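As the structure is a prediction and not an experimental result, all values here were calculated from the model. Below, chains carry the letters A, B, ... as their sequence lines are ordered, and counting in each starts from 1.
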Protein chains: 2
Amino acid sequence: MIGVQNRIQELRKVKKLTQDEIAKLCNVSRQTINAIENNKYDPSLSLAFDLAKSLETTVDELFNERKTR
Amino acid sequence: MIGVQNRIQELRKVKKLTQDEIAKLCNVSRQTINAIENNKYDPSLSLAFDLAKSLETTVDELFNERKTR
DNA sequence: ATTAAATGTACAAGGTTTTTTACATTATTA
DNA sequence: TAATAATGTAAAAAACCTTGTACATTTAAT
């Protein structure tokens with residue numbers, strides 16, 4: 001488990017985007033999107049901002065703070 | 001240069017904290033705080049959230065998106 | 001002017017994120 | 001049902017973040 005949870009999959013489906021489509025919007029690989037959705041690791045801050053913009057939300061809305069570091 | 005600019009130094013001084021003090025609040029080294037303030041690299045998303053909490057603000061307020069990735 | 005505190009910087013080592021390639025499984029549609 | 005799209009997963013390599021130690025410079029206090 002990782003330090004931050006996210007609502008990427010939820011918001012991505014609202015916009016009817018595939019992992020591949022959002023990956024292209026953010027200039028990363030599909031595997032990166034998949035890994036982040038499945039909490040394999042957290043995105044970089046830069047990618048977090050790109051994801052938030054792609055999903056028309058904020059980093060704070062997209063990633064909810066958790067306890068661990 | 002890095003993908004995200006930040007207002008850490010500005011907000012840190014408002015609260016009259018040293019780099020060392022904020023480092024301890026976030027459980028990272030002073031060098032990490034120094035490097036981030038001077039845009040040597042971006043923090044991890046997890047640290048970005050800790051910094052925002054320490055400075056009583058949000059990640060979106062603390063880090064302003066830029067153009068490059 | 002001296003001392004102490006705070007900040008800037010460097011470098012090697014270790015940990016984490018991302019990529020590429022490749023294949024397996026699950027869902028969707030014809 | 002068969003074909004296709006979407007998603008899950010793996011492993012090695014590259015790129016990036018963080019640490020520790022150490023020293024130099026700047027700022028503040030005495």
Expressed as a whole number of angstroms, how long is the span from B:E37:CD to C:dT7:P?
7 Å

Round to a whole Å and report the spacing from CG of A:D50 to C1' of C:dT17.
15 Å

In this structure, how many angstroms lie between the P atom of D:dA10 and the OH atom of A:Y41, rounded?
13 Å

Under 4.0 Å between a side-chain N or O of A:K40 and OP1 or OP2 of D:dT9?
yes

Please check if the side chain of B:D60 supplies one atom and the backbone of A:V59 the other of a donor-acceptor pair under 3.5 Å.
yes

Side chain of B:V28 only, heavy atoms from C-beta on: which candidate in D:dT19, D:dG8, C:dT19 is closest?
D:dT19

Using OP1 and OP2 only, check whether a side-chain N or O of B:S44 sits under 4.0 Å from D:dT18.
yes

A:N38 has its side chain closest, among C:dT17, D:dT18, D:dG8, to D:dG8

Interatomic distance where CD1 belongs to A:I33 and C1' belongs to D:dA5 [whole Å]
18 Å

Could you check whether B:E10 pairs with B:R7 (Lys NZ or Arg NE/NH1/NH2 to Asp/Glu carboxylate O, under 4.0 Å)?
yes

Residues in contact with DNA chain C, drawn from residues 12-23 of chain A - heavy-atom cutoff 4.0 Å
none

When you get a sec, tell me which of C:dT20, D:dC17, C:dG8 is the closest nucleotide to the side chain of A:S29?
C:dT20

Applying side chain to side chain contact (heavy atoms under 4.5 Å, CB included) between B:Q19 and each of B:Q31, B:K24, B:E37, report the one that passes.
B:E37

Can you measure A:I8 atom CD1 to D:dT7 atom C1' for me and round it to whole angstrom units?
15 Å

Nearest of D:dT18, C:dT7, D:dT9 to any side-chain atom of A:N34?
D:dT9

Applying side chain to side chain contact (heavy atoms under 4.5 Å, CB included) to A:F63 and A:D42, what does each step give before you reach the verdict?
CA-CA 10 Å; A:F63 299 91; A:D42 290 332; 5.8 Å; no

Between P on D:dT19 and CD1 on B:I36, what's the gap in Å once rounded to a whole number?
9 Å

Can you find a side chain N or O atom of B:T32 that sits less than 4.0 Å from OP1 or OP2 on D:dT19?
yes

Length of the CG-P vector between A:L45 and C:dT18, whole Å:
11 Å

Can any side-chain N or O of A:T32 pair as donor or acceptor with the backbone N or O of A:V28 at less than 3.5 Å?
no

How long is the line joining CD of A:Q31 and P of C:dA24, in whole Å?
15 Å

B:A52 to B:T58 - nearest heavy-atom pair and separation:
CB-C, 3.6 Å

Between B:R12 and B:E21, is there a side-chain N and carboxylate O pair less than 4.0 Å apart?
no

Distance criterion of 3.5 Å, no angle test: do you see the side chain of A:R30 paired donor-to-acceptor with the base of D:dG8?
yes

